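Note that the structure is predicted; figures quoted are calculated from it, not measured.
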Amino acid sequence: MAMRTVLVIALATSLAACATTPPAEAPPAEAPAAPDRTCDASGLAAHIGHTASQASGATLLELSGAQTLRWGPPNSVWTMDYRADRLNVRYDGDMKITAITCG
């Protein structure tokens with residue numbers, strides 16, 4: 001009987017050591033970051049057919065007002081998530097730009 005009591009106390013003590021307690025003060029909540037810039041690809045159609053390169057990507061990014069650039073190589077798949085601050089540029093096997101969109 002004494003052995004059973006010792007085991008119960010030991011088990012309860014070890015389980016209590018695993019319990020978590022909430023912090024005394026919750027950390028401050030961070031405000032969600034608002035997009036700094038919104039993409040507008042409406043004036044970029046003239047760039048279709050140009051060579052896809054680091055320089056053309058930088059130019060398109062600046063002209064669109066987007067914050068990020070996503071390249072779309074030939075025969076690739078993309079996620080369908082939409083981001084108002086992202087410019088999408090697809091190109092073919094000859095490195096020629098085939099489509100420019102936002103999202």
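Looking at Pro73 and Arg90, their side chains never come closer than 4.5 Å, going by heavy atoms from C-beta outward.
At least one donor-acceptor pair under 3.5 Å links the side chain of Arg37 to the backbone N or O of Ala66.
The salt bridge (Lys or Arg N to Asp or Glu O under 4.0 Å) contacts involving residues 70-81 comprise Asp81-Arg86, where partners must be two or more places apart or lie in separate chains. Residue pairs meeting the ring-ring contact (aromatic ring centres under 6.0 Å, His included) criterion with at least one partner in residues 66-88, sequence neighbours excluded, are Trp71-Tyr91.
Atom CG of Leu69 sits about 8.0 Å away from atom OG of Ser64, to the nearest 0.5 Å.
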Between side-chain atoms of residues 39-47 and protein atoms elsewhere (two or more places apart, or another chain), which donor-acceptor pairs fall under 3.5 Å?
{"residue": "Asp40", "atom": "OD1", "partner": "Ser42", "partner atom": "N", "Å": "3.1"}
{"residue": "Asp40", "atom": "OD1", "partner": "Ser42", "partner atom": "OG", "Å": "2.8"}
{"residue": "Asp40", "atom": "OD2", "partner": "Ser42", "partner atom": "OG", "Å": "3.4"}

Scan the side chains in residues 51-61 for donor-acceptor partners under 3.5 Å anywhere in the protein, sequence neighbours excluded, and list what turns up.
{"residue": "Thr51", "atom": "OG1", "partner": "Lys96", "partner atom": "NZ", "Å": "2.9"}
{"residue": "Ser53", "atom": "OG", "partner": "Ala55", "partner atom": "N", "Å": "3.4"}
{"residue": "Ser53", "atom": "OG", "partner": "Ser56", "partner atom": "N", "Å": "3.1"}
{"residue": "Ser53", "atom": "OG", "partner": "Ser56", "partner atom": "OG", "Å": "3.3"}
{"residue": "Ser56", "atom": "OG", "partner": "Thr51", "partner atom": "O", "Å": "3.0"}
{"residue": "Ser56", "atom": "OG", "partner": "Ser53", "partner atom": "N", "Å": "2.8"}
{"residue": "Ser56", "atom": "OG", "partner": "Ser53", "partner atom": "O", "Å": "3.0"}
{"residue": "Thr59", "atom": "OG1", "partner": "Ala55", "partner atom": "O", "Å": "3.1"}

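Looking at residues two or more places apart in sequence or on another chain, you find a side chain to side chain contact (heavy atoms under 4.5 Å, CB included) between Thr101 and Asn88. Shown here are the salt bridge (Lys or Arg N to Asp or Glu O under 4.0 Å) partners of Arg83, two or more places apart in sequence or in another chain: Asp85.
Other members of the cluster containing Met80 do not exist, because no ILVMFWY side chain is joined to it at under 4.5 Å.
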